[in-house]
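Remember, it's a predicted structure, so these values are computed and weren't measured experimentally. Per chain, numbering begins at 1; letters A, B, ... match sequence-line order.
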Amino acid sequence: MASGLYKAWYRDSEPANSNSRSNMTDSSQAARVRFAPSPTGLTHLGSARTALYNYLLAKQTGGKFILRIEDTDSKRYVAEAEDDLKDSLKWLGLNWDEGVEVQGPHAPYRQSERKAIYREHAQELLENGHAFYCFCTPKELEAARQEQIKRKEQTRYPGTCRNLSLEDAQQRIKAGEEHVIRFKMPREGSITVTDELRGEITFENKNLDDYILVKSDGQALYHLAAMVDDHLMEITHVTRGEEWLATFPLHVHIYRAFGWQEPKWVHLSVFLKPQGKGKMSKRDTEQMKLSGQSIFVKDLEDMGYIPEGVINWIALMGWSYDDKTEFFRLENLIELFSIKKLNPSPAAIDFKKLDHFNGLHIRALEVKDLAQRLLPFFEAEGYEVDDDKLKDIVPLLQERLVTIDDAPSLAGFFFKDEVEPNPEELVAKGLNAEESANLAQKTLSILEQATDWEHDSLQEPLRALADEMEVKAGQLFGILRVAITGQRVSPPLFESMEIIGRETSLKRIKKAIALLEAQAA
RNA sequence: GCCCCCAUCGUCUAGGGGACCAGGACGUAGCCCUUUCAAGGCUAAGACCGGGGUUCGAAUCCCCGUGGGGGCACCA
């Protein structure tokens, strides 16, 4: 069925009294969903989003979110990848109810530990005629492939062993012949499968191959292992990447061959390069790092992004709630998420938007919370951080931070004994060094007499000074800002001086005067 | 080459035949606020891929192009 018709049917099938803004997913019973990554590298945004949507569906229906490790390919296995996966999920707040580490009723949750299960199921397909042993060598298959290419035919398994009897095959295996197990794809007819986003999709069986289910080393491949596990683990919704769309009919064929009830299938679109067109390649990700961006969750954490920002950002790449709401926390998403509002078209990654959401969520944080998150970034720069002082500083920083690792460069001067202003920056715009030194000197005299070291009472007499000297307040404050903070850009000046205290502030102004006088001479 | 998916501002998207001279957000530009930088407020520019149908009426439904994407492994 065409997707448009499908969508219409879908909507009409809702209960008549259902609210048009209903966020209930089609099945409001508890969903059992799984995130089943392959530990071959660092966790990236695409995986994170798939995990998020799975998690949301589970939480929204009071179901279970399961983490299964698909490590059937020992060649591509990367030991650190599994830890990275777990760390990334935890950092994002996507805690799983069953799976590796936490265990559960369907353990083990690592496919390399489930080989016997797959062997039994392969045996079942062999016996019911939906699979067959194949003794073709890679060499023979390659030769057949070349032939097909030459004849401009579709390249596919030539069918050599398709009709071997099970008895003959078992004889040859006993004799020690190498073999794989293949799915016996029907050669005629077609199969119509249903994706929750795209509706019905029909494939001609003749375009499908006799895919390998079990390799010659006895290890099951994804196609068998994942289907068996999904069934055994009672998965109700399979939400996975679009790259599985091509083998989607195979997977449904496998379900039917076993006589199992299918889950709901959701194929998410891929993420495209920031430039808009084209999928992310390894080269692109390296290029990206050079410009200070990354698609790896771990990197985003190191770069000072907060999980709330990342979650909000990826949630909205392929899903939307309505035409205006854009600020979401995880708990809101759990409530509002809906498969029906997923967008099947691919989305380009936009890091500017991540900055925006990160800033939004930083500003929405409690001061105490933000202080706690900032602490390690200051400590990493070698600053000794006083908790009370930090709590005073945080409100000044909060609305200026895009990423939390911006904090040390913006506010390091609070924790330094001395700052090293650039003498040239001390000179106010439109004035020379001598005039600036003179202004700084007068400022010092006024501040030395200040009885109350509080930002408003510091500011008042200095504004009067600026008037008296016929300079703009901004010119005077500029000198003072660089003297106090060592920076041209800083948090609000007088609040900063209040926190730094009288003694240190005066000391820094004296130093600035010396630097200005040296320059004037 | 074959199979499959997708198509609204630069980007993410709203849109389910009349409520659309198409709404929001990021980014961009201008203004306001302002001690710097931000944040915030206001304003502006900016899109229905093309062609055929269906219909009184199409961004919306159908077909064909075109473009983009995914897949064609003893990877997942």
Side-chain angles (χ1 to χ4, degrees), chain A residues 2-5 7-8 10-12 36-40 70-73 75-76 134 138 141 149 152-156 178-182 195 197-198 201-204 206-209 211-217 219 221-223 225-226 240-249 267 269-270 272 274-279 313 316-327 341 343-357 359-360 363 397-402 410 459 462-463 466 472-478 480-482 485 487-494:
Chain A
S3 79
L5 280 174
K7 281 182 182 174
Y10 207 92
R11 192 169 190 78
D12 291 342
S38 182
T40 55
E70 310 232 320
D71 57 348
T72 52
D73 187 0
K75 282 193 212 81
R76 297 205 310 155
C134 169
L141 292 174
I149 290 171
K152 296 204 166 150
E153 284 173 11
Q154 230 179 106
T155 60
R156 51 139 55 229
E178 283 251 311
H179 62 279
V180 300
I181 297 172
R182 288 178 183 272
D195 174 84
L197 300 187
R198 298 157 223 269
I201 308 168
T202 299
F203 293 81
E204 296 298 321
K206 66 173 172 6
N207 289 325
L208 269 18
D209 212 346
Y211 298 90
I212 292 177
L213 263 18
V214 179
K215 295 196 278 187
S216 57
D217 65 1
Q219 179 62 263
L221 253 25
Y222 174 93
H223 301 129
R240 40 140 55 169
E242 194 184 356
E243 65 271 20
W244 294 111
L245 217 44
T247 44
F248 182 17
H267 292 92
S269 61
V270 292
L272 268 25
Q275 298 81 358
K277 302 298 161 214
K279 194 192 158 191
W313 181 50
L316 256 18
M317 297 181 68
W319 175 83
S320 62
Y321 175 62
D322 61 14
D323 61 346
K324 33 183 79 73
T325 322
E326 48 145 22
F327 182 90
K341 301 281 291 180
N343 189 154
S345 53
I349 293 176
D350 183 356
F351 288 101
K352 283 272 175 50
K353 211 148 189 171
L354 171 58
D355 284 347
H356 172 250
F357 280 119
L360 239 38
R363 274 170 256 136
L397 256 38
Q398 190 155 22
E399 65 189 29
R400 280 159 241 275
L401 294 176
V402 173
L410 191 63
Q459 184 172 178
L462 293 178
R463 280 197 186 276
K472 285 187 181 163
Q475 289 176 297
L476 176 59
F477 296 170
L480 196 50
R481 180 185 311 283
V482 176
T485 68
Q487 302 162 190
R488 267 192 158 145
V489 171
S490 80
L493 179 57
F494 297 102

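Residue-to-nucleotide proximity on RNA chain B shows that, of A:E70 and A:R488, the 5′-proximal contact is made by A:R488. Position along RNA chain B of the nearest nucleotide to A:M317 versus A:L410 favours A:M317 as the more 5'-ward residue.
Minimum atom distance to the side chain of A:A246 is reached by B:G71, of the listed B:U35, B:G71, B:A38. In this structure, the nucleotide among B:A76, B:C12, B:U35 sitting nearest to the side chain of A:S38 is B:A76. Listed nucleotides B:A7, B:U35, B:A14 differ in distance to A:R481; the shortest reach to its side chain belongs to B:U35. Checked against B:C5, B:A39, B:A76, the side chain of A:L245 finds its nearest nucleotide in B:C5. Residue A:Q459 has its side chain nearest to B:U35 when only B:C6, B:U35, B:G71 are considered.
Rounded to whole Å, the separation between the P atoms of B:G10 and B:G53 comes to 29 Å. A gap of 24 Å separates the P atoms of B:C6 and B:G52, to the nearest Å. Distance noted for atom C1' between B:G57 and B:C64: 23 Å (whole Å). Distance noted for atom P between B:U8 and B:U13: 9 Å (whole Å). Nucleotides B:C33 and B:G69, compared at atom P, are 48 Å apart to the nearest Å. When the C1' atom is used for both B:G68 and B:G50, the distance is 15 Å, rounded to whole Å. Here the separation of B:C37 from B:G24, taken at their C1' atoms, is 28 Å to the nearest Å. When the P atom is used for both B:A14 and B:U60, the distance is 16 Å, rounded to whole Å.
For the pair A:N343 and B:C6, the criterion of a side-chain N or O lying under 4.0 Å from OP1 or OP2 is not met. For B:U35, one of the phosphate oxygens OP1 or OP2 lies less than 4.0 angstrom from a side-chain nitrogen or oxygen of A:R463. A sub-4.0 Å separation between OP1 or OP2 of B:G1 and a side-chain N or O of A:T155 is absent. OP1 or OP2 of B:U36 has not a single side-chain nitrogen or oxygen of A:S490 nearer than 4.0 Å.
A donor atom on one side chain and an acceptor atom on the other are not found under 3.5 Å apart for A:T40 and A:R76.
The ring of A:F327 has its center no closer than 6.0 angstrom to the ring center of A:F357.
The shortest distance between side-chain heavy atoms of A:V482 and A:F477 does not fall below 4.5 Å. For the pair A:P491 and A:L397, the minimum side-chain heavy-atom distance is below 4.5 Å. Between A:Y222 and A:D73, the closest side-chain pair of non-hydrogen atoms is not below 4.5 Å. A:L316 has its side chain within reach of A:E326: a pair of non-hydrogen atoms, C-beta onward, lies under 4.5 Å apart.
In terms of modelled atom types and a separation under 3.5 Å, the side chain of A:S216 and the main chain of A:H179 share no donor-acceptor contact. Without hydrogens or angle criteria, A:R156 side chain to A:L208 main chain gives a donor-acceptor distance under 3.5 Å. A donor-acceptor contact shorter than 3.5 Å is absent between the side chain of A:D209 and the backbone of A:Y211. Not one N or O on the side chain of A:W313 forms a donor-acceptor pair closer than 3.5 Å with the backbone of A:H356.
Spacing between atom CZ of A:R240 and atom P of B:G70 amounts to 17 Å, rounded to whole angstrom units. Summarising the geometry, the separation between CZ on A:F248 and C1' on B:C5 is reported as 12 Å, rounded to the nearest angstrom. Between the CZ atom of A:R156 and the P atom of B:A73 there is a distance of 12 Å, rounded to whole Å. Nucleotide B:C75 holds its C1' atom 5 Å from the CG atom of A:D73, rounded to whole Å. If you take CD of A:E153 and P of B:C72, they are 20 Å apart, rounded to a whole angstrom. Rounded to an integer number of Å, the gap from A:F477 CZ to B:C37 P is 15 Å. One can place CD of A:E243 at 21 Å from P of B:G68, the figure rounded to the nearest angstrom. Look at CG on A:N207: it is 12 Å from P on B:C5, rounded to the nearest Å.
Within the 4.0 angstrom heavy-atom criterion, only backbone atoms of the sugar-phosphate kind lie near A:L221; the bases stay farther away. Using a 4.0 Å heavy-atom distance criterion, A:G359 is classed as making no nucleic acid contact. Nucleic acid contact class of A:V270 (heavy atoms, under 4.0 Å, all strands): sugar-phosphate only. Across all strands, A:T40 comes closer than 4.0 Å to no nucleic acid atom at all (heavy-atom distances). Within the 4.0 angstrom heavy-atom criterion, base atoms lie near A:P492. Among the protein residues, A:F203 comes within range of the sugar-phosphate backbone only, with heavy atoms under 4.0 Å from sugar or phosphate atoms but none that close to a base. Contact annotation for A:K75: backbone-only contact, meaning every heavy-atom pair under 4.0 Å involves sugar-phosphate atoms and none involves a base. Residue A:W244 is classed as a base contact, given a heavy-atom separation below 4.0 Å to a base. Within 4.0 Å (heavy atoms only), A:P249 reaches no atom of the nucleic acid at all. Residue A:R363 is classed as a sugar-phosphate contact, given heavy-atom separations below 4.0 Å to backbone atoms only.
Between the side chain of A:S216 and the base of B:C74, at least one donor-acceptor pair of N or O atoms lies under 3.5 Å. A donor and an acceptor atom never sit less than 3.5 Å apart when one is taken from the side chain of A:R198 and the other from the base of B:C5.
In this structure B:U55 sits in no base pair that meets the Watson-Crick or G-U test at under 3.5 Å. Across every strand in view, B:G40 sits in a pair with B:C32 that passes the Watson-Crick or G-U test at under 3.5 angstrom. Remark: B:U60 base-pairs with no nucleotide in the shown strands. Criterion, Watson-Crick or G-U wobble with two distances under 3.5 Å. Of all nucleotides present, only B:C6 satisfies the Watson-Crick or G-U wobble test against B:G67, with each distance under 3.5 Å. The partner of B:G46, taking Watson-Crick or G-U wobble pairs whose two distances both stay under 3.5 Å, does not exist in any strand shown. If you check B:G1 for Watson-Crick or wobble pairing at under 3.5 angstrom, you find it paired to B:C72.
Take A:E204 and apply the salt bridge (charged side-chain N to carboxylate O under 4.0 Å, His left out) test, not counting sequence neighbours, and it matches no residue.
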I'd like a list of close polar pairs between nucleotides 24-28 of chain B and the protein, N/O only, cut-off under 3.5 Å.
unit_1 : atom_1 : unit_2 : atom_2 : d
B:G24  : O4'    : A:D323 : O      : 3.3
B:A25  : O2'    : A:E326 : OE1    : 2.7
B:A25  : N3     : A:K353 : NZ     : 2.8
B:C26  : OP1    : A:H356 : NE2    : 3.3

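Test A:R240, A:R198, A:E243, A:E242 against A:H267 for side-chain hydrogen bond (donor to acceptor under 3.5 Å, both in side chains) and you get one pass: A:R240.
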